[in-house]
Amino acid sequence: MVERVRRYQHNIRAIRAAGCRVPTPHLVDTLDPDTIEAWFAEGAATSARLRRLIAAVAKLPDDTLLPSPFEGSAR
């Protein structure tokens, strides 16, 4: 994890040195190792939840209808 945090810090520094904004919806804009490590852990937990959800949906019968998140919304 130490190497991963170091590489992440390097990338943030490179983005800033290039005069660009860090794309905060995708990356955490910090050099703090604890915050970066927590961000990695949160991403891993989200990925695990998605994998479990996908596996559960894959086990449903083929004719199962799932509700649309867009149902009833004005798009």
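Here the structure is a predicted model, which means the values were calculated and not measured.
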Residues 28-41 side chain polar contacts: donor-acceptor under 3.5 Å, at least two apart:
residue : atom : partner : partner atom : Å
Asp29   : OD1  : Arg16   : NE           : 3.4
Asp29   : OD1  : Arg16   : NH2          : 2.7
Thr30   : OG1  : Asp32   : N            : 3.0
Asp32   : OD2  : Thr35   : N            : 2.9
Asp32   : OD2  : Thr35   : OG1          : 2.6

I'd like a table of donor-acceptor pairs (distance under 3.5 Å, sequence neighbours excluded) in which one partner is a side-chain atom from residues 51-70, with atom names and distances.
residue : atom : partner : partner atom : Å
Thr64   : OG1  : Pro61   : O            : 2.9
Ser68   : OG   : Phe70   : N            : 3.0

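For residues 41-66, there are no ring pair (Phe, Tyr, Trp, His ring centres under 6.0 Å) pairs, not counting sequence neighbours. Listed by first then second residue, pairs satisfying ring pair (Phe, Tyr, Trp, His ring centres under 6.0 Å) with a partner in residues 14-36 number zero, not counting sequence neighbours.
Looking at residues two or more places apart in sequence or on another chain, you find no side chain to side chain donor-acceptor pair (under 3.5 Å) involving Arg4. With sequence neighbours left out, the side chain to side chain donor-acceptor pair (under 3.5 Å) criterion links Arg49 to Thr46. Residues forming a side chain to side chain donor-acceptor pair (under 3.5 Å) with Arg13 (at least two apart in sequence, or on another chain): none. With sequence neighbours excluded, no residue forms a side chain to side chain donor-acceptor pair (under 3.5 Å) with Ser47.
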